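Worksheet: one structure, shown below.
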Amino acid sequence: MNQVEKFIEFVQEQYKTTDFIPLHEPRFLGNEKKYVLETIESTFVSSVGAYVDKFEEMMAEISQTKRAVAVVNGTAALQVALRLAGVKESDEVITQALTFVATANAIAYNNAKPVFLDVDVDTMGLSPKAVESFLEEYGELREEGCYNNRTGRKISACLPMHTFGFPVHLNELLEVCDKWNIPVVEDAAESIGSNYHGKPTGSFGQFGIYSFNGNKIVTAGGGGAIVTNDKQSGDFAKHLTTTAKKNHKYEYIHDEVGHNYRMPNLNAALICAQLEQLNSFIENKRKLAERYESFFEEKGIQFRTENPDTKANYWLMCVELNDRKERDLFLNQTNKKGVMTRPIWQLMHKLPMYAHCFRDTQKNAEYLEGRIVNIPSSVIINE
Ligand SMILES: *Cc1c(COP(=O)(O)O)cnc(C)c1O
């Protein structure tokens, strides 16, 4: 029996099934039905309701920030967070090419230009060193902020993404961005519950965002949140995502072009019940990660584990294979047998709409793109 067959058998043992095993499926094991039924019975299914408020309180606590704002999805959260961080038309935003497309799209929605810099091999997230060398070559510090001296454009934000729940090197990144006066917005869509030096990812930048899409650790079907330690910015995020409507008992008064990015109370009910289980889900996943780690250690395959001084939520677990050929064999064999696996994303500058964007060597991103594969990571029931 070859190693991949042994892996397939191992996964089937973990999930106690020989049926199709997806990468990540939701688990509704708590108060989901109760809260959703309550919401239907209250008739407050739409964007005003007790669960939206409760969700925002829970998220502020989980992210250890002063204000959380519920929005319709993580992409909308990113778009608005960038706008609030000061990103304007024709500006540049530093980010990584190794990410889910929403990160780059949110920059494009603001009519700004992504600048794709390399990732670190150990975190798979934006490399502080890559940002530093880019800024040393092209950065120009003016009174109004940092400018790219080659393009003349303002570099108005830096958007790191915590890949699969593994935190980027935040201290080093914040230090560089601070030096160049560039606000940081964290794409923590995948890293709810992950910590860096004991503090939640999402709480380090001017803004952080989370996603509650169907494939994330906790889900509302769809949903997102913006978090910040600046209460005023948080209140403004709420205003912008609720059609910029002024508070008035009965009149419609809007003071700018806002968005209808509100999270319905029905979804908020579901997500509140899910958030109550966040810690138990993460503990469950960390135990699975330990079992994967010892399984792969024996086989001489590298299973990705968290870095020192960080705690990963192990949203999507992954292995690093030796090369693209070995990767493709692994993908083929596992998917044929109903054990779902998937390669990490194609680098953003390989997609037609981002092909023209600036990018550095992408040495580490290229290395990872050809080797990293996600493996089934759902919470295991009846542990
Ligand atoms: C899931 C995700 C988002 C946002 O996703 P939505 O589906 O809009 O909630 C953004 N960035 C990354 C990296 C993601 O994985």
Side-chain angles (χ1 to χ4, degrees), residues 22-26 55 59 63 68-83 85 87 93-110 114 116-117 119 123-126 157-168 170 184-194 201-202 204-205 207-227 237 241 259-264 267-268 270-271 274-275 278 285 312-318 342-348 351 354 365 368-369 372 374 377-378:
L23 267 195
H24 204 283
E25 56 184 349
F55 166 67
M59 275 314 297
S63 65
V69 175
V71 293
V72 69
N73 59 49
T75 313
L78 267 182
Q79 181 191 345
V80 172
L82 288 171
R83 175 173 167 187
V87 174
V93 175
I94 292 173
T95 192
Q96 58 206 64
L98 187 70
T99 185
F100 176 60
V101 72
T103 315
N105 284 347
I107 298 170
Y109 298 158
N110 280 286
F116 296 120
L117 300 185
V119 293
T123 66
M124 301 181 280
L126 190 61
C158 177
L159 180 57
M161 196 281 282
H162 305 292
T163 300
F164 306 142
F166 296 107
V168 305
L170 276 162
V184 172
V185 175
E186 286 177 81
D187 184 346
E190 305 182 353
S191 67
I192 186 168
S194 294
T201 55
F204 288 82
F207 296 93
I209 75 94
Y210 300 97
S211 164
F212 305 96
N213 187 38
N215 64 345
K216 299 297 202 291
I217 288 194
V218 288
T219 183
I226 303 170
V227 299
T241 53
H259 306 277
N260 176 16
Y261 284 170
R262 297 171 295 183
M263 175 189 278
N267 297 61
L270 189 54
I271 193 70
Q274 286 267 285
L275 285 177
L278 174 63
K285 286 161 77 71
N313 64 7
Y314 287 93
W315 169 50
L316 284 187
M317 302 181 209
C318 55
R342 188 169 59 189
I344 199 166
W345 313 279
Q346 265 191 13
L347 304 184
M348 289 299 112
L351 307 179
Y354 298 119
L368 293 167
E369 188 197 32
I372 297 287
N374 290 126
S377 310
S378 308

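All ligand and atom numbering here is 1-based and tracks the order in the structure. Source: prediction; values computed, not measured. Along the sequence shown, residues are numbered consecutively beginning with 1.
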Closest to atom 2 (C) of ligand 1 among protein heavy atoms sits K216 NZ, 2.9 Å
Do V87 and I107 have side chains that get closer than 4.5 Å, going by heavy atoms? no
Does the ring-ring contact (aromatic ring centres under 6.0 Å, His included) test come out yes or no for F166 and Y314, once each step is laid out? CA-CA 7 Å; F166 296 107; Y314 287 93; 5.6 Å; yes
How close does the nearest protein non-hydrogen atom get to atom 11 (N) of ligand 1, and which residue and atom is it? D187 OD2, 2.9 Å
Is there a polar contact, in the sense of an N or O pair closer than 3.5 Å, between E190 and ligand 1? yes
Any idea how F100 and W345 line up, ring-wise: parallel (<30°), tilted (30 to 60°), or perpendicular (>60°)? tilted
Considering only heavy atoms from C-beta outward, does the side chain of T219 approach that of Q274 to under 4.5 Å? yes
Measuring only between side-chain heavy atoms, which start at C-beta, is M348 closer than 4.5 Å to T103? no
Just jot down the ligand 1 atoms closer than 4.0 angstrom to any heavy atom of A189, in number order. 2 (C), 3 (C), 10 (C), 11 (N), 12 (C), 14 (C)
Indicate yes or no: at least one non-hydrogen side-chain atom of C318 is less than 4.5 angstrom from one of M124. yes
Looking only at non-hydrogen atoms, the one of N215, T75, N105 nearest atom 8 (O) of ligand 1 is T75
Judging by distance only, is a nitrogen or oxygen of G74 under 3.5 angstrom from one on ligand 1? yes
If we number the atoms of ligand 1 from 1 as shown, the ones under 4.0 Å from a heavy atom of M161 are 13 (C)
If we number the atoms of ligand 1 from 1 as shown, the ones under 4.0 Å from a heavy atom of S211 are 1 (C), 4 (C), 5 (O), 6 (P), 9 (O)
